[in-house]
Amino acid sequence: MQMAAASATAPAVASTDASTLGALLRASFGHDNGINGAGVDAKCVAKVCGAVEAIARSTVRISQNLREHGFTSANTVGNQNAFGDAQLEIDVTADAIICDELERSGVVHTVSSEEIPRPRQLPHRACSPDCPLVAAFDPLDGSSVIATNFSVGSIYALWAAPSFEGVSGCEAVASAAAVYGPRTTLFVTVGAGADVWEVTLHPCVDRMGESNVRRVAMDKHGKLFAPANLRACVDRKGYRNLVSYYMENRYTLRYTGGMVPDVTQLLVKGYGVFVSPVSEKAPAKLRLLYEAIPMAMLVENAQGASSDGTQSLLQVCVRHCEQRTPVCLGSVEEIRRVEQFLGHDDTTPAS
Ligand code: F6P
C-alpha cells in the first residue's frame with residue numbers, strides 16, 4: 001500500500017490492502033508513514049484504531065441509510081433536540097447507528113452526542129478498564145440542507161479519559177469527519193500533530209478494504225472563503241471588512257451551509273478559510289465539543305490553524321457539553337488575517 005501527500009499536481013490515491021480501515025490503521029502504527037498516533041499511549045493505540053474502525057462502519061451504514069430512505073430521511077420526528085433544533089428521522093437513526101457501532105467495538109465506555117448532549121454510558125461488552133475511551137459526536141450535521149440534497153456529514157472526537165469533564169482539544173486522541181456526498185469520505189487523524197487521511201469508503205461495510213486512502217495537508221494561504229453566520233456582518237464591522245477584503249482580493253466563495261463539507265473542502269483543496277464569527281444578535285450556533293474541536297484537530301493536524309477569534313480552538317476547555325463558540329478554521333496565514341480583522345472590530349451597524 002502506498003500513501004502520499006495531497007498535492008495540486010498529483011493527488012496520489014491508493015487502494016488499501018487491509019480488510020478494514022481499523023486493520024489499516026493498526027498495520028500502519030509502527031511504520032513511519034504518518035498515521036503515527038503521536039501522543040497516544042502505546043496501550044491505547046489498538047483501542048483508538050478499533051474506535052476509528054467503528055466510526056468508519058457507522059459512516060458506511062449512515063450513508064446507506066441516507067440513500068435507501070432519501071425521501072423520508074428529512075422527515076421530522078416531531079421532537080426537538082436539547083438545542084431546540086427539529087429532530088429528523090435520520091438524526092435519530094444516525095445517533096443509534098453510531099452508538100451501536102461504538103458499543104460493538106468494545107473500546108468506548110461513554111458517549112455524548114449533539115442529539116442527546118449528556119454523557120451516556122454504553123452497555124459494556126468487553127470494554128477493559130485500561131485506556132477507557134470517551135467519544136463525542138454530531139451524528140448528522142447540516143440538517144438544514146439535507147432536504148435540498150446538499151452534502152451533509154458526521155463529526156467525531158475521541159479522548160482517552162474517564163469523562164468529558166475539563167477536556168480540551170489538545171488532549172483528544174483522534175478526530176474524524178464523514179462526508180455523505182456523491183462519494184462517501186472519512187477524514188481521520190489519530191494523535192496530536194499526526195497526519196490527516198482522506199478515506200473514500202467503499203459503499204459496502206464488508207468491502208471497506210477496497211477503500212482509497214490519501215494524505216491531505218494545507219498550504220499557508222489560499223484565496224477561498226466560506227463565510228458562515230453572515231448575519232453577524234450587520235453588527236460587526238470587522239466581519240464586514242473581512243468579507244470586503246475577500247471580494248476586493250478576488251477570493252472564491254465556496255459555501256453550502258453544511259459545516260462538514262464547508263471545512264473538509266479546505267482539506268481537499270489544501271487551502272482557504274471557514275469563518276463563523278458571532279454577535280449579540282447573531283449568536284454562536286456551533287458547539288465546541290461536537291463540531292469545533294474535532295474539525296479544529298483535523299485542520300491543525302493538516303498544518304492549518306484554528307481560532308475562536310483570539311486563541312486556538314484546541315486550547316479551549318470544555319466546561320459543559322452545550323458550550324458554543326465562534327469558529328475560524330483554515331490556512332495559517334488566513335486565520336491570522338481573520339484574527340486581525342475581528343480583533344480590530346467594533347459593533348458599528350451597517351449603514
Ligand atoms: O450546526 C449547524 C449548521 O448547519 C452548520 O453545519 C453550519 O456551518 C451552520 O449551521 C451554518 O450556519 P449559517 O446558516 O448561519 O451560516
Side-chain angles (χ1 to χ4, degrees), residues 16 18-26 47-75 77 81 87-108 110-116 120 122-123 125-127 133 135-143 145-147 149-158 174-188 190 197-213 258-261 264 290-291 294:
T16 75
S19 60
T20 65
L21 177 67
L24 160 69
L25 289 169
R26 273 191 293 275
K47 291 187 176 156
V48 176
C49 289
V52 170
E53 183 178 358
I55 288 169
R57 295 176 69 84
S58 303
T59 303
V60 175
R61 285 179 61 189
I62 294 168
S63 161
Q64 285 169 343
N65 202 283
L66 279 164
R67 287 184 199 291
E68 281 163 24
H69 306 286
F71 287 119
T72 56
S73 59
N75 287 351
V77 290
N81 68 15
Q87 260 183 334
L88 308 182
E89 278 180 25
I90 186 64
D91 289 329
V92 177
T93 305
D95 188 79
I97 288 173
I98 294 167
C99 286
D100 177 51
E101 289 294 345
L102 290 177
E103 188 200 334
R104 279 168 197 260
S105 76
V107 295
V108 173
T110 301
V111 298
S112 176
S113 92
E114 194 170 282
E115 288 311 306
I116 307 174
R120 284 173 279 168
L122 293 176
R125 292 192 183 165
C127 196
L133 295 178
F137 50 91
D138 180 355
L140 201 75
D141 186 77
S143 310
V145 295
I146 200 167
N149 203 19
F150 283 14
S151 293
V152 290
S154 306
I155 312 175
Y156 303 83
L158 298 168
S175 74
V179 187
Y180 312 108
R183 289 176 289 133
T184 299
T185 54
L186 183 67
F187 294 82
V188 60
V190 178
W197 301 93
E198 179 191 12
V199 185
T200 298
L201 288 163
H202 193 284
C204 175
V205 171
D206 296 334
R207 295 179 61 188
M208 284 196 321
E210 294 164 43
S211 302
N212 289 320
V213 180
M259 187 194 194
V260 176
T264 55
Y290 309 110
E291 291 159 317

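Not measured: the values here are computed from a predicted model.
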For [X] and [Y], which heavy atoms make the closest approach, and how far apart are they?
{"X": "Val48", "Y": "Ala174", "answer": "CG1-CB, 3.9 Å"}
{"X": "Ser143", "Y": "Asp91", "answer": "OG-OD1, 3.4 Å"}
{"X": "Leu102", "Y": "Ala54", "answer": "CD2-CB, 3.9 Å"}
{"X": "Val152", "Y": "Gly142", "answer": "CG1-O, 3.4 Å"}

Option from Val199, Leu201, Val205, Ile98 for which side-chain contact (heavy atoms from CB on, under 4.5 Å) with Thr59 holds: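 Answer to the side-chain contact (heavy atoms from CB on, under 4.5 Å) test with Thr59 among Val199, Leu201, Val205, Ile98: Leu201.
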
Set of residues satisfying side-chain hydrogen bond (donor to acceptor under 3.5 Å, both in side chains) with respect to Asp95, sequence neighbours excluded: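 Asp95 satisfies side-chain hydrogen bond (donor to acceptor under 3.5 Å, both in side chains) with Ser113, Arg120 only.
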
Contacts of Glu101 that satisfy side-chain hydrogen bond (donor to acceptor under 3.5 Å, both in side chains) - sequence neighbours left out: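 With sequence neighbours excluded, Glu101 shows a side-chain hydrogen bond (donor to acceptor under 3.5 Å, both in side chains) to Arg57, Arg61, given in chain and number order.
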
Side-chain donor/acceptor of Gln64 to backbone N/O of Pro203, under 3.5 Å: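 Yes; judged by distance alone, with no hydrogens or angles, the pair exists.
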
Just distance, no hydrogens or angles: give the donor-acceptor pairs under 3.5 Å from side chains in residues 179-188, sequence neighbours left out.
residue, atom, partner, partner atom, Å
Tyr180, OH, Ser154, OG, 2.5
Arg183, NH1, Thr200, OG1, 3.2
Thr184, OG1, Ser63, OG, 2.9

Stepwise side chain to side chain contact (heavy atoms under 4.5 Å, CB included) test for Asp138 and Val260: CA-CA 10 Å; Asp138 180 355; Val260 176; over 6 Å; no

Distance (rounded to the nearest 0.5 Å) between Leu140 CG and Ile146 CD1: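 Separation between the atoms: 5.0 Å.
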
OG1-CD distance between Thr264 and Glu198, expressed to the nearest 0.5 angstrom: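 If I round to the nearest 0.5 Å, the distance is 8.0 Å.
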
Partners passing side-chain contact (heavy atoms from CB on, under 4.5 Å) against Thr93 (at least two apart in sequence or in another chain):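 For Thr93 the side-chain contact (heavy atoms from CB on, under 4.5 Å) partners, ignoring immediate neighbours, are Asn65, Ile90, Ile97.
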
Set of residues satisfying side-chain contact (heavy atoms from CB on, under 4.5 Å) with respect to Ala51, sequence neighbours excluded: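 Applying side-chain contact (heavy atoms from CB on, under 4.5 Å) to Ala51 gives Val107, Val108, Leu133, Leu158.
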
Val111 and Cys99, any side-chain heavy atoms less than 4.5 Å apart: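 Side-chain contact under 4.5 Å: yes.
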
Min side-chain heavy-atom separation Phe137-Ser58 under 4.5 Å: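 With C-beta onward as the side chain, the pair stays apart.
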
